[in-house]
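Worth knowing before you read on, the calculation uses all heavy atoms, side chains too, and leaves out hydrogens, waters and symmetry mates.
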Amino acid sequence: MLLDEIQDHAIFMLDPDGYVVSWNAGAERIKGYSADEIIGRNFSCFFPREAVGQGRPAEILRLAAAQGRHVEQGMRVRKDGSRFLSRFTVTALRDPAGNLRGFFEFSHDLSESKESEAKYRGLLEAAPDAMVVVNQAGQIVLLNLRAERTFGYQRDELIGQQVTNIIPTGFAERLIADGIRTAAEALVQHIGTGIELAGRRKDGSEFPVEIMLSPLESPDGVLVTAAIRDISVRKKAELLLLHTVEELSRSNEELGQYAYLAAHDLQEPLRMVSSYTQLLAERYKGKLDSDADEFISFAVDGAKRMQRLIRDLLVYSRVGTKGNGLTDISSEEALEQATANLRSAIEESGTLVTHDPLPTVLADAGQLVQLFQNLIGNAIKYRNPGVPQIHISSTKCGGENGETKWSFSVKDNGMGIESKYFTRIFGMFQRLHKREEYSGTGIGLAICKRIVEGHGGNISIESQLGQGSTFRFTLEAGRQIS
């Protein structure tokens, strides 16, 4: 009797198979069935045909039985075939022994709530983007003020019109069901993803838009809410960025070619200057005054330093590309070649160079030799008193895109550096010591950085002053041997 007095909610009970066994006055008012007409029928008659075809009624009972209670919002069908949006709760009923005895449903017709509709309209108006609501026939049923301004129409000019008036192609096709798929199936692959299309204003001008789609169930069927954003500014920025990148790439390529050609062409006149200054030093040393000897010595030293600088610049400009292409290279053989090139420096300093078994990597052979040679030569140059020791090892690691990489370490027992210089040492012409103390141009580690980054890896240093340094770099594993 108490339940029969409730008019604004449908309250009824089902047996374990979903057949109606009780019915209140609210259920009769909302769904249109009398108790005599509905008791004994399966509650699937309250669902739209497509939901029944998908097995939704049975799935709801399964969820309620498994979880104890299931709550959702969806479309229901009245006796006369009309649809309405309902919020319902299905609760499983069990006896003291835990056996399922049936279900209890408590539901409410949301389409009767004017407050809900007002809130929805308020949300549309508060949205920062143009908002357009379209039915399955492709007609505009609701829009906000931002949409009016974006497309240049008054609201009354668009309500009831086809969405193709403002989105000519690509949008309506995502909404309208065909003989193969339902509207829900047509939408599913586009929900929550940004779709870039062309919008058309009232004056006929077109502009790029990004659309986000979301479904909305209503008494009139599934509607689609589209958040539409004018991306004209973004597209212009993307084009400008692309143009800038292309210009920068072209400029860098021209600059690299210029640096190579300039350094190459400087070699010959500089070789002549160096040869004649050395000849002056050999022939006239001690025959002129002490100032002349000093001046000639300065000229010889300057010419030699300029030759080293030009040689290093040529090397740096060459590693701007990947050389002869990346192939499977034995890093152990590259290391052996590097130590052979440094044999004089290694023997003179008494350096002990050791290594673990090293892998095959994807690299340019010449540049890999140069990389090892620069790092080992750097460790020899900045050594501590005693026996310099350098050890090279590697460990396998994963890359950002799932590829296999090798992480190499070149560890020494040399002077070490302070952490504040870790970034600086990889820059061009960066020196931490006076030229009188250590020779060099300050390009060696910059070349290492360019080689490693040109191979898609990264390089770093770990060091403490007076306790040696460890240079680490990554290279991609070889394709055939790892």
Side-chain angles (χ1 to χ4, degrees), residues 3-14 18-61 70-90 103-121 124 132-143 159-163 172 175-179 181-188 214-225:
L3 294 181
D4 272 341
E5 294 299 319
I6 298 175
Q7 296 287 324
D8 57 349
H9 285 80
I11 303 173
F12 55 94
M13 295 179 67
L14 307 171
Y19 290 90
V20 179
V21 296
S22 72
W23 197 247
N24 82 327
E28 182 173 340
R29 183 188 67 80
I30 293 173
K31 298 181 184 291
Y33 294 93
S34 66
D36 292 339
E37 291 174 313
I38 197 62
I39 289 178
R41 292 184 62 181
N42 194 282
F43 88 127
S44 60
C45 64
F46 305 141
F47 289 80
R49 184 180 306 166
E50 61 269 21
V52 175
Q54 295 169 359
R56 189 59 190 165
E59 177 65 9
I60 289 173
L61 295 185
H70 177 71
V71 181
E72 73 173 58
Q73 182 173 304
M75 298 305 299
R76 291 297 181 95
V77 180
R78 299 185 181 93
K79 177 184 175 181
D80 61 9
S82 62
R83 298 186 178 197
F84 65 99
L85 184 61
S86 173
R87 179 177 176 81
F88 52 89
T89 302
V90 179
F103 301 90
F104 176 84
E105 179 171 316
F106 183 91
S107 59
H108 178 57
D109 183 354
L110 294 179
S111 63
E112 296 177 343
S113 174
K114 298 297 181 183
E115 181 182 355
S116 175
E117 181 180 349
K119 286 182 178 179
Y120 181 69
R121 289 179 179 272
L124 285 185
V132 176
V133 181
V134 182
N135 63 21
Q136 293 180 48
Q139 297 173 325
I140 299 172
V141 297
L142 195 62
L143 68 152
I159 296 294
Q161 299 301 311
Q162 289 293 315
V163 72
L175 310 180
I176 303 171
D178 52 34
R181 60 182 183 175
T182 66
E185 291 169 336
L187 272 170
V188 68
S214 58
L216 173 69
E217 293 192 355
S218 76
D220 300 318
V222 177
L223 303 178
V224 175
T225 301

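- Closest of all the heavy-atom pairs between Ser44 and Pro57 is CB-CG, 3.8 Å.
- The side-chain contact (heavy atoms from CB on, under 4.5 Å) check on Ala58 picks up nothing, with sequence neighbours excluded.
- Not a single side chain to side chain donor-acceptor pair (under 3.5 Å) links Asp36 to another residue, sequence neighbours left out.
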Worked check of side chain to side chain contact (heavy atoms under 4.5 Å, CB included) between Gln161 and Gln139: CA-CA 5 Å; Gln161 299 301 311; Gln139 297 173 325; over 6 Å; no

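- Taken to the nearest 0.5 Å, the CD1 atom of Ile11 stands 11.0 Å off from the OG1 atom of Thr89.
- Here the shortest heavy-atom pairing between Val71 and Arg87 reads CG1-NH2, 3.6 Å.
- Ser22 meets the side chain to side chain donor-acceptor pair (under 3.5 Å) test with no other residue; sequence neighbours excluded.
- Considering all non-hydrogen atoms of both residues, Arg83 and Val77 come closest at CG-CG2, 4.3 Å.
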Please walk me through it: do Phe12 and Phe46 pass ring-ring contact (aromatic ring centres under 6.0 Å, His included)? CA-CA 13 Å; Phe12 55 94; Phe46 305 141; 5.6 Å; yes

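- Of the inter-residue distances, the one linking Asn135 atom CG with Ile140 atom CD1 reads 9.5 Å to the nearest 0.5 angstrom.
- The heavy-atom pair separating Val141 from Val134 by the smallest distance is CG2-N, 4.3 Å.
- Here Arg56 pairs with Glu72 under the side chain to side chain donor-acceptor pair (under 3.5 Å) rule; sequence neighbours left out.
- Taking CH2 from Trp23 and NZ from Lys31, the interatomic distance works out to 5.5 Å, rounded to the nearest 0.5 Å.
- For the residue pair Tyr19 and Asn42, the shortest heavy atom distance occurs at CD2-N, 3.4 Å.
- From Asp80, atom CG reaches atom OH of Tyr33 across 9.0 Å, with rounding to the nearest 0.5 Å.
- For Glu37, the side chain to side chain donor-acceptor pair (under 3.5 Å) partners at least two apart in sequence or on another chain are Ser34, Lys79.
- None of Val163, Val224, Leu143, Leu124 except one satisfies the side chain to side chain contact (heavy atoms under 4.5 Å, CB included) rule with Val133; the exception is Leu124.
- In this structure, the side chains of Val20 and Arg41 stay at 4.5 Å or more apart for every pair of heavy atoms.
- Every residue meeting the salt bridge (Lys or Arg N to Asp or Glu O under 4.0 Å) condition with Glu105, not counting sequence neighbours, appears here in chain and number order: Arg76.
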